[in-house]
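First the structure, in the form of structure tokens, and then the observations on it.
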Amino acid sequence: MTMNDGYTIPEVQFGTYQIRGGAGLQQVMEAIKQGYRGLDTATNYDNEGMVGEAIRRSGMPRAHFFVTSKLPGKYHQYDEATMAIQETLYRLGLDYLDLYLIHWPLPKRNHYVEAFQAMIDAQKRGLIRSIGVSNFEPEHLDRLINETGVTPAVNQIEVHPYWNNERMVNEDQKRGIVTEAWSPLGRGSAALKEPVIQDLAKKYDKNAAQIILRWHSQRGVIPVPRSSNLVHQKSNKDIFDFKLTDQEIQAINQLSKPDGRVDGQDPNEYEEFE
């Protein structure tokens with residue numbers, strides 16, 4: 001998929017939340033063997049060093065990978081954000097990031113504009129190729145655009161069948177921003193067992209996760225699934241040989257719930273863990 005800055009981004013990425021240490025290294029290396037090139041990490045995941053090591057051990061050129069990391073809330077002030085970007089690159093052992101996101105807006109602290117400006121300046125110095133945000137609401141996006149003149153390339157938000165987040169997917173599209181989905185399958189296995197999902201899995205000879213991931217893709221959303229299971233890693237990216245109908249997409253949309261967020265995290269209120 002092509003972003004608003006002209007760079008391209010893989011249409012399925014590999015999430016590394018809660019994947020750490022030696023076991024995590026093996027899981028990421030297996031994901032790379034399965035064909036994943038987009039690797040999504042964050043400073044708050046405490047695994048940037050492991051992700052960088054997996055890239056080095058793969059033996060593949062750096063240019064073959066699309067690496068994303070994220071700025072934690074405690075580093076939103078300009079100078080702190082500038083150093084945090086540099087430290088992320090040191091931990092990863094890379095010269096640049098393909099994509100860097102503000103992890104949460106933290107509007108009560110009100111420093112996300114200067115954090116974004118630090119990212120713009122790091123981009124000009126060649127440390128980051130594409131810059132974006134995560135969990136941003138329309139008013140946060142518009143303030144960034146109006147005050148910096150730069151539109152984020154990506155907004156990574158919570159999207160899954162119980163929280164289809166149609167409102168934000170549409171808001172991102174209106175601004176030319178690519179939407180990524182964190183927790184794209186939800187947490188736990190409840191959505192996978194929904195009758196509509198199960199019926200579609202039988203119809204298309206796919207598993208339930210593939211149906212949900214294809215639902216994301218056809219909505220123009222890039223899913224970032226995480227799995228330590230090698231079979232699931234492989235199947236999670238095998239979603240482009242069938243197509244859901246508009247009616248089937250709407251049927252999955254109908255599973256959305258007003259209280260469907262996995263952890264109830266409202267971006268206007270949520271204070272990111274330190």
Report the distance from atom [atom1] of [X] to atom [atom2] of [Y], rounding to the nearest 0.5 Å.
X: H64; Y: I55; atom1: NE2; atom2: CD1; result: 12.5 Å
X: M3; Y: I131; atom1: CE; atom2: CD1; result: 11.0 Å
X: L71; Y: S134; atom1: CG; atom2: OG; result: 11.0 Å
X: L101; Y: F116; atom1: CG; atom2: CZ; result: 10.0 Å
X: W215; Y: I197; atom1: CH2; atom2: CD1; result: 8.0 Å
X: K74; Y: E272; atom1: NZ; atom2: CD; result: 9.5 Å

Please assess R261 against N165 for the test side chain to side chain donor-acceptor pair (under 3.5 Å), listing each intermediate value before the final yes or no. CA-CA 9 Å; R261 286 185 169 116; N165 220 342; 6.0 Å; no

Exercise: do [X] and [Y] side chains pair donor with acceptor under 3.5 Å:
X: Q13; Y: E180; result: yes
X: N268; Y: H140; result: yes
X: N4; Y: T151; result: no
X: E158; Y: H160; result: yes
X: T41; Y: T68; result: no
X: S130; Y: D5; result: yes
X: D40; Y: Q156; result: yes
X: Y162; Y: E194; result: yes

Is the side chain of [X] donor-acceptor paired with the backbone N or O of [Y] at a distance under 3.5 Å, no angle test?
X: H103; Y: G73; result: no
X: R20; Y: G24; result: no
X: S69; Y: Y100; result: no
X: R109; Y: H76; result: no
X: E248; Y: T245; result: yes

Give the minimum heavy-atom separation between [X] and [Y], together with the two atoms involved.
X: N44; Y: P72; answer: ND2-CB, 3.5 Å
X: Q77; Y: E114; answer: CA-OE1, 3.5 Å
X: A181; Y: P184; answer: O-CD, 3.7 Å
X: I102; Y: A115; answer: CD1-CB, 4.0 Å
X: N155; Y: N135; answer: OD1-N, 3.4 Å
X: W163; Y: P258; answer: CZ3-O, 3.3 Å

Could you see if [X] belongs to whatever hydrophobic cluster contains [Y]? Use Ile, Leu, Val, Met, Phe, Trp, Tyr and a side-chain cutoff under 4.5 Å.
X: I249; Y: V12; value: yes
X: L144; Y: Y75; value: yes
X: V28; Y: L94; value: yes
X: V154; Y: V221; value: no
X: L99; Y: V178; value: yes

Is there a side-chain contact between [X] and [Y], using heavy atoms and a 4.5 Å cut-off?
X: T43; Y: E48; result: yes
X: H111; Y: E80; result: no
X: E271; Y: W104; result: no
X: L25; Y: V51; result: no
X: L185; Y: L213; result: yes
X: V169; Y: R219; result: yes
X: I177; Y: V133; result: no

Tell me, please, which residues at least two apart from R175 pass side-chain hydrogen bond (donor to acceptor under 3.5 Å, both in side chains). D142, E171

What's the verdict on salt bridge (Lys or Arg N to Asp or Glu O under 4.0 Å) for R57 and E53, showing C-alpha distance, side-chain angles and the deciding distance? CA-CA 6 Å; R57 290 197 188 186; E53 182 66 14; 2.8 Å; yes

Name all residues meeting the side-chain contact (heavy atoms from CB on, under 4.5 Å) criterion together with N170; count only those two or more places apart in sequence or in a different chain, and write none if there are none. E166, Q173

Count the heavy atoms belonging to other residues, nucleotides or ligands that lie under 6.0 Å from [atom1] of [X], then report whether that count exceeds 12.
X: D205; atom1: CG; value: no
X: F65; atom1: CZ; value: yes
X: D95; atom1: CG; value: no

S217/E11 under side-chain contact (heavy atoms from CB on, under 4.5 Å): CA gap, chis, key distance, verdict: CA-CA 7 Å; S217 179; E11 291 189 48; 4.1 Å; yes

Under 3.5 Å, which donor-acceptor pairs link side chains of residues 118-129 to any protein atom two or more places apart or in another chain?
residue	atom	partner	partner atom	Å
D121	OD1	Q117	NE2	3.3
D121	OD2	Y78	OH	2.5
Q123	NE2	R129	O	2.8

Please collect all ring-ring contact (aromatic ring centres under 6.0 Å, His included) contacts where either partner lies in residues 176-206, sequence neighbours excluded, each pair once. Y204-F242

Going through the distances and angles, do Y112 and F136 end up as a ring pair (Phe, Tyr, Trp, His ring centres under 6.0 Å)? CA-CA 10 Å; Y112 62 87; F136 272 51; 5.4 Å; yes

List, one per line, each side-chain donor-acceptor pair under 3.5 Å for residues 226-240, sequence neighbours excluded.
residue	atom	partner	partner atom	Å
R226	NE	Y17	O	3.0
S227	OG	N229	N	3.1
S227	OG	N229	O	3.4
N229	OD1	V231	N	2.8
N229	OD1	H232	N	2.9
Q233	OE1	A31	N	3.2
Q233	NE2	Q27	O	3.3
Q233	NE2	S227	O	2.9
S235	OG	N207	ND2	3.3
S235	OG	V231	O	3.3
S235	OG	H232	O	3.2
N236	ND2	H232	O	3.3
D238	OD2	K206	NZ	3.4

Can R167 and E137 be counted as an ion pair, charged N to O under 4.0 angstrom? yes

Audit row: T179, D172, side chain to side chain donor-acceptor pair (under 3.5 Å) steps and yes/no: CA-CA 6 Å; T179 300; D172 287 343; 2.7 Å; yes

If hydrophobic residues (ILVMFWY) are linked whenever their side-chain heavy atoms come closer than 4.5 Å, directly or via other members, who joins V224 in its cluster? none

